[in-house]
Structure formats: C-alpha cells, structure tokens
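Worksheet for the structure shown next.
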Amino acid sequence: QVQVVESGGGLVQPGGSLRLSCAASGSTFRINTMGWYRQAPGKQRELVATITRGTSTNYADSVKGRFTISTDNAKNTVYLQMNSVKPEDTAVYYCAVVFVSVVGIQTRYWGQGTQVTVSS
C-alpha cells in the first residue's frame, strides 16, 4: 500500500540547478524522517540529506552549501534543491521515508530512484 515516488531527475549542465521531489502515501502512520540517498556507478549508496520531524536537517559534507532539503508536511512530500551541481553529483537518487507506528515501530520505505546526470 505504501508508495514512495520520486520525480524531477534528468540531465543538467554543470553549475545548473535541479529540484527533486518525493511524495509518500498509503500509510496511516506518521512520518518521522525523510531523506535522499544516491548511488553512482561502481560506488556504494550514500546519504545525501535527511530531515526529521520537518525541522532537523543533516547533510553530507560533499553537498553542504549547495543542496537544500525541505518538506511540505501537508503533502507528505520532501524536496531536494540542487544548486551548483557538479559532474560528481551524477547518480541515481533514492528517496527514503521512515514511518513510525503508534507503538514506536519504525519502518523504512524506498522509492524507485531517479537518474540525475550532470554533463555538458
């Protein structure tokens, strides 16, 4: 029932901007944390940014000052604003959502991923 759907990926030139969106639906439980991860060819999946309870943010050092994570709580949606992108940002970007039940059980769901390619 739970759906996590990313959108906004594509081809962008170095120095350009891109905004990714991720909408979560299908659960009656509340969302504790939403985040973005990425995986480049031949590399492990790595954390990009997370936001907890719509307020507390955490960023990888490689994207600090360039990327911004935010949420629209009414829509259960998380965004990743990517500015000043670099070729090294090329990867499949995945959205992760952590739901928390009334008894405190946490469950993580992943989106299908969206390709971001930074190239001239």
Side-chain angles (χ1 to χ4, degrees):
Q1 290 185 322
V2 174
Q3 291 185 324
V4 179
V5 182
E6 303 103 326
S7 62
L11 177 65
V12 61
Q13 295 183 358
S17 297
L18 203 65
R19 190 174 80 156
L20 306 183
S21 300
C22 171
S25 63
S27 176
T28 59
F29 299 146
R30 70 182 189 274
I31 295 174
N32 185 56
T33 301
M34 304 184 81
W36 291 95
Y37 297 74
R38 67 186 182 186
Q39 187 167 20
K43 300 181 67 177
Q44 294 183 257
R45 185 175 299 186
E46 64 177 354
L47 181 146
V48 177
T50 61
I51 183 165
T52 300
R53 303 181 188 90
T55 302
S56 181
T57 59
N58 181 46
Y59 295 93
D61 289 340
S62 60
V63 306
K64 285 182 178 178
R66 299 189 298 119
F67 294 3
T68 302
I69 188 169
S70 62
T71 59
D72 183 336
N73 293 329
K75 298 180 179 179
N76 286 340
T77 299
V78 62
Y79 305 95
L80 184 69
Q81 179 65 46
M82 306 168 61
N83 295 330
S84 301
V85 297
K86 305 174 181 179
E88 306 92 89
D89 296 321
T90 296
V92 177
Y93 284 70
Y94 296 91
C95 178
V97 183
V98 178
F99 291 92
V100 181
S101 74
V102 68
V103 294
I105 299 175
Q106 299 186 19
T107 305
R108 179 198 279 165
Y109 294 88
W110 292 94
Q112 79 287 350
T114 185
Q115 176 71 48
V116 173
T117 302
V118 182
S119 176
S120 59

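These numbers come from the heavy atoms of this one structure, side chains and all, not from hydrogens, waters or symmetry mates. These numbers come from a predicted model, not from an experiment. Just so you know, residue 1 is the first one in the sequence shown, and it goes up from there.
- The ring pair (Phe, Tyr, Trp, His ring centres under 6.0 Å) test applied to Phe99 returns Tyr109, not counting sequence neighbours.
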Quick one: side chains of residues 5-27, donor-acceptor pairs under 3.5 Å with protein atoms, not counting sequence neighbours, listed by atom name and distance.
| from | atom 1 | to | atom 2 | distance (Å) |
| --- | --- | --- | --- | --- |
| Glu6 | OE1 | Gln112 | N | 3.0 |
| Glu6 | OE1 | Gln112 | NE2 | 3.1 |
| Glu6 | OE1 | Gly113 | N | 3.1 |
| Glu6 | OE2 | Cys95 | N | 2.8 |
| Glu6 | OE2 | Gly113 | N | 3.2 |
| Ser17 | OG | Asn83 | OD1 | 2.9 |
| Ser27 | OG | Phe29 | N | 3.1 |

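- Legend: residues meeting side chain to side chain donor-acceptor pair (under 3.5 Å) with Gln115, ordered by chain and number and at least two apart, are Thr117.
- For the side-chain contact (heavy atoms from CB on, under 4.5 Å) with Ile31, the lone residue among Val97, Val78, Val98 that qualifies is Val97.
- Partners of Val102 by side chain to side chain contact (heavy atoms under 4.5 Å, CB included), not counting sequence neighbours: none found.
- Residues meeting the side chain to side chain donor-acceptor pair (under 3.5 Å) test with Thr107, sequence neighbours left out: none.
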Evaluate the criterion side chain to side chain contact (heavy atoms under 4.5 Å, CB included) for residue pair Val118 and Lys86; output intermediate values, then yes/no.
-> CA-CA 6 Å; Val118 182; Lys86 305 174 181 179; 5.5 Å; no

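- Tyr37 meets the ring pair (Phe, Tyr, Trp, His ring centres under 6.0 Å) test with Trp110; sequence neighbours excluded.
- Of all the heavy atoms in Met34 and Ile69, the pair that sits closest is O-CD1, 3.9 Å.
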Distance-only donor-acceptor hits, side chain of residues 46-54, under 3.5 Å, sequence neighbours excluded:
| from | atom 1 | to | atom 2 | distance (Å) |
| --- | --- | --- | --- | --- |
| Glu46 | OE2 | Arg38 | NE | 2.8 |
| Glu46 | OE2 | Arg38 | NH2 | 3.3 |
| Thr52 | OG1 | Thr33 | OG1 | 3.2 |

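- Listed by first and then second residue, the salt bridge (Lys or Arg N to Asp or Glu O under 4.0 Å) pairs involving residues 55-67 are Asp61-Lys64, Arg66-Asp89 (not counting sequence neighbours).
- For residues 38-95, the set of pairs meeting the ring pair (Phe, Tyr, Trp, His ring centres under 6.0 Å) definition, not counting sequence neighbours, is empty.
- Among residues at least two apart or in separate chains, there is no salt bridge (Lys or Arg N to Asp or Glu O under 4.0 Å) pair with a member in residues 99-110.
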